[in-house]
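All remarks here apply to the structure that follows.
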Amino acid sequence: MAPDAWMLYGLMYKSRVFEEAVRQIWQAGRISGEMHLGLGEEAIAAGIIPQLVEGDALALDHRGTPAMLMRGVAPLALLREFMGSPDGLCAGMGGHMHLFAPEKLAASSGIVGAAGPAAAGFGLAAQMLRPNCVSVAFFGDGATSAGMLLESFNLAVVWKLPVLFVCKDNDWAITTPAETAVGGNLLARARAFGMRAEEVDGRDALAVWQAASEALRHARAGNGPVFLWAHCIHLEGHFLGDGLLDMFRRPVYSLRKRVWPMVKGFFHPQGAAWGERLAAARQIVGQVLSIQNQTSPQGDPLLCLRPALERENARRLADLEASIRDEIQKVVSQAVALEGNMA
Amino acid sequence: MRKMSFSEAIDDALGQGMAADPRVLLLGEDVQGLHGGLFLRFGRQRVRNTPISEAAFLGAAVAASMAGLRPVAEIMLVDFLAVAVDALLNHASKLETFSGGRWQAPLVVRTACGGGYGDGGQHEQSLWGWLAHIPGLSVVVPSTPADAGGLMLAALELGSPVVFMEHKLISSIWLDFLGSGGRDTVTFDVPPDGEHGRVPDRWQPIPLGQALLRKKGSDVTIVTLGVGVHRALQASAELEKQGLSAGVLDLRSVSPLDKAAVCQEVSRTGRLLVVDEDYEGFGLSGELAAIVLEAGISCKYARVCTQTTIPFARRLEDETLPNVARIGAACRKLAG
């Protein structure tokens, strides 16, 4: 099946507009706690999820909004869940890190790496109950350091489970750069388990589609799991209010909250030798500078696909975007109105 | 005397301990950023970021402590300790017994706990009763900056494994990181005396297992810890206006547990109310009832705890965690 670029772009654009609305509602204080958005990783979900069929399962991490949306969960149910409302997807009991849609076999977890065992279990159930069905695990590069994920790789291989393990690699585990946290090469690592493994540009929805199409065929045919290593960025860093991005976005706040304690530590009379302290300071500065790559337009999956569609039919693109914006605007108005009714 | 926040006090006492003993090091996820003052003061050898590999780095911290280091391993949130609990349950806590008393694991596990900021039931648990259930582990839950620093220093010096729990609602680093995310559009019911307060100019260790009577009372004894201390004090102040005198005993550590202080206070008032943010069943609140019964003290008993998975919805969360209204009602019922 050839990918429909318009359909993929529509999915990504809807997810983008929805999550940007979520960001505003969170900023306004109507959503509590942390907020991990999938801004920047839309192409990975869009390239895979439309290829799923009924009976396929999703094991999601703490960043599951785009996947849930693309699997067909109503945006209003998601937004009301984020707002902690009884009419939300999970009655306001879970929040954005704990999204569950049983009718779609889609489950999330806020525990890093937990998507691995969940996908293996969903894969086992598919193998025994739903022939030709698969499960898909989404996780970040940080999760590849979690033992339970690597144990799941092995389990899926030895039981030939129909699992697609998808690593959304943005090169950062919260504020820790992958180069200091992830040993070796992930493709080689997955292959060492005896698993088929592919690397793909996670900005490019069409490329993800192609890679996932082959991987899903492999898994559905009973040939065992596949590892897909997809590279992406996170436009908002790890979560909204990301401390490293804030250094640029809100320098005054960051100086007071984060830099000042560091300055005091740096000049404390008792501590490491000056060379050690300077190395630590240089490291922080380096990380602050390199987090900028997360917001680069070259990494934005929507901007990767949009120019081709614009060349093909600018009018159609404008109409598509306008209709999606309208749809999400209605959802937001409805969600806010419902909140008013309840108060 | 100086004044500082709860989270500054912990890092300050830890810094004093690190300066005094080169074997002490801090390791954990993102600690170089979360504890940036310690990172820039002590450098990369002694403040180490880890991969998200709790089972590996906590297990490694146990063995490193057996081989001469004094690691402070930070498990970002106690909920995540579940991934690595083997290191504590089957190893650190058992070592002294298994080695016939010849080997100890002088390790501190530093971890943020507790709720009240809307992060959902997988990020807001307390779990101190679950940990204190294991023989061989000490479990510390401070409620003020002064206690937090003094108990951290004692934990560093103890010579056996300690879980040091930092309630996020009074720890501005954590509340800023996870609760507000830098927003000024959200507010939390933060007890001011827990979040900020006077601390000594130089930290002295506060021995583990010594409860502190925060307020004397003649009608009811409220035994509690962490944020519960502040909720209980507020409830007690309101009850006082109604002519009911409720004392507040701050346990400060779950294990070792200051049984003598509990028994002494309860035998005076004849009424025990446990306020425990941890789960109600099979935990600290039941343990305190057992201790009093074993001591042959006759008393009336009630508890205000967390009974269910903590809801994400803020209003439901506030009803689920022990709050001032529930504490007040329970006291009146006990005394009535």
Side-chain angles (χ1 to χ4, degrees), chain A residues 26-30 32-35 81 84-86 90-95 97-98 109-113 142-143 145-148 173-176 180-183 239-241 243-244 246 250 253 257-259 261-266 268 270-273 276-277 279-281 283-284 287, chain B residues 8 11 15-16 18-20 29-30 32-47 49-56 76 79-80 82-84 117-124 172-173 176-187 309-317:
Chain A
W26 181 88
Q27 283 292 358
R30 286 176 158 170
S32 70
E34 299 165 76
M35 181 50 71
E81 179 61 29
S85 171
C90 304
M93 300 300 277
M97 283 191 277
H98 316 115
S109 175
I111 305 299
V112 172
S145 302
M148 64 174 132
I174 310 186
T175 63
T176 301
T180 65
V182 181
F239 54 17
L240 292 182
L244 289 172
D246 263 3
R250 296 192 304 165
Y253 173 86
K257 281 267 183 188
R258 302 201 173 90
V259 178
M262 291 189 195
V263 172
K264 281 198 288 188
F266 185 84
H268 197 286
Q270 293 170 311
E276 276 289 308
R277 299 188 197 205
Q283 181 184 313
I284 294 282
Q287 284 174 11
Chain B
E8 282 170 335
D11 276 5
Q16 184 181 315
M18 290 176 78
E29 291 153 12
D30 299 294
Q32 293 175 342
L34 286 163
H35 309 293
L38 291 172
F39 178 46
L40 266 76
R41 180 174 167 194
F42 292 103
R44 289 185 284 194
Q45 289 297 312
R46 295 183 66 198
V47 180
N49 273 2
T50 61
I52 306 178
S53 306
E54 288 93 352
M76 194 175 263
D79 315 69
F80 307 165
V83 172
Y117 63 97
D119 218 9
Q122 221 172 41
H123 284 64
E124 294 203 328
S172 47
I173 290 180
D176 181 55
F177 189 60
L178 302 174
S180 73
R183 291 174 291 176
D184 52 14
T185 48
V186 283
T187 55
T309 293
I310 302 167
F312 167 71
R314 285 290 290 117
R315 191 178 53 78
L316 296 178
E317 181 194 4

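Order of the sequence lines fixes the chain letters, A, B, ..., with proteins taken first and strands second; residue numbering starts at 1 for each chain.
To the nearest 0.5 Å, atoms CD (A:E34) and CZ (B:F177) are separated by 7.0 Å. To the nearest 0.5 Å, atom OG of residue A:S85 and atom CG of residue B:L316 are 10.0 Å apart.
A donor-acceptor contact shorter than 3.5 Å links the side chain of B:R41 to the backbone of A:Q270. For B:R44 (side chain) and A:Q283 (main-chain N/O), no donor-acceptor pair under 3.5 Å exists by modelled atom type.
Each of A:S32, A:G271, A:G113 has some count of heavy-atom pairs under 4.5 Å with chain B, and the biggest count is that of A:S32. Your options are B:R314, B:Q122, B:R183, and the one with the most heavy-atom pairs under 4.5 Å with chain A is B:R183.
Residue contact with chain A, scored on non-hydrogen atoms closer than 4.5 Å, involves the side chain of B:N49 exclusively. Looking at A:M93, both its backbone and its side chain come within 4.5 Å of chain B, counting heavy atoms on both sides. Interface residue B:V83: only side-chain heavy atoms are found under 4.5 Å from chain A. For B:E8, the part lying under 4.5 angstrom from a heavy atom of chain A is the side chain only. Within the 4.5 angstrom heavy-atom criterion, no atom of B:L38 approaches chain A. For a residue to count as touching a neighbouring chain, one of its non-hydrogen atoms must lie under 4.5 Å from one of that chain's; by this rule A:A279 touches chain B with backbone and side chain alike. Both the backbone and the side chain of A:F266 come within contact range of chain B, with heavy atoms under 4.5 Å apart. Heavy atoms closer than 4.5 Å to chain A are found in both the backbone and the side chain of B:Q32. Using a 4.5 Å cut-off between heavy atoms, B:A55 does not touch chain A at all.
Closest of all the heavy-atom pairs between A:W26 and B:T185 is O-OG1, 4.3 Å. Residues A:M262 and B:G33 share a closest heavy-atom pair of CE-O, 4.3 Å. Shown here for B:A313 and A:G84, the closest heavy-atom pair between the two residues is CB-O, 3.2 Å. The minimum heavy-atom distance linking A:S145 with B:S53 is given by the pair O-OG, 2.6 Å. The shortest heavy-atom contact between A:A281 and B:L40 is CB-CD2, 4.0 Å. Of all heavy-atom pairs between A:T176 and B:D30, the closest is OG1-OD1, 3.0 Å.
By the 4.5 Å heavy-atom criterion applied to side chains, A:Y253 and B:D184 are not counted as neighbours. Side-chain contact between A:R258 and B:D176 is present, with heavy atoms from C-beta onward closer than 4.5 Å.
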**Prompt:** Given A:M97 and B:D119, is the side-chain contact (heavy atoms from CB on, under 4.5 Å) satisfied, shown in steps?
**Reply:** CA-CA 9 Å; A:M97 283 191 277; B:D119 218 9; 3.6 Å; yes
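By the side chain to side chain donor-acceptor pair (under 3.5 Å) test, B:H123 pairs with no residue at all, sequence neighbours left out. The ring pair (Phe, Tyr, Trp, His ring centres under 6.0 Å) search around B:Y117 returns none, not counting sequence neighbours.
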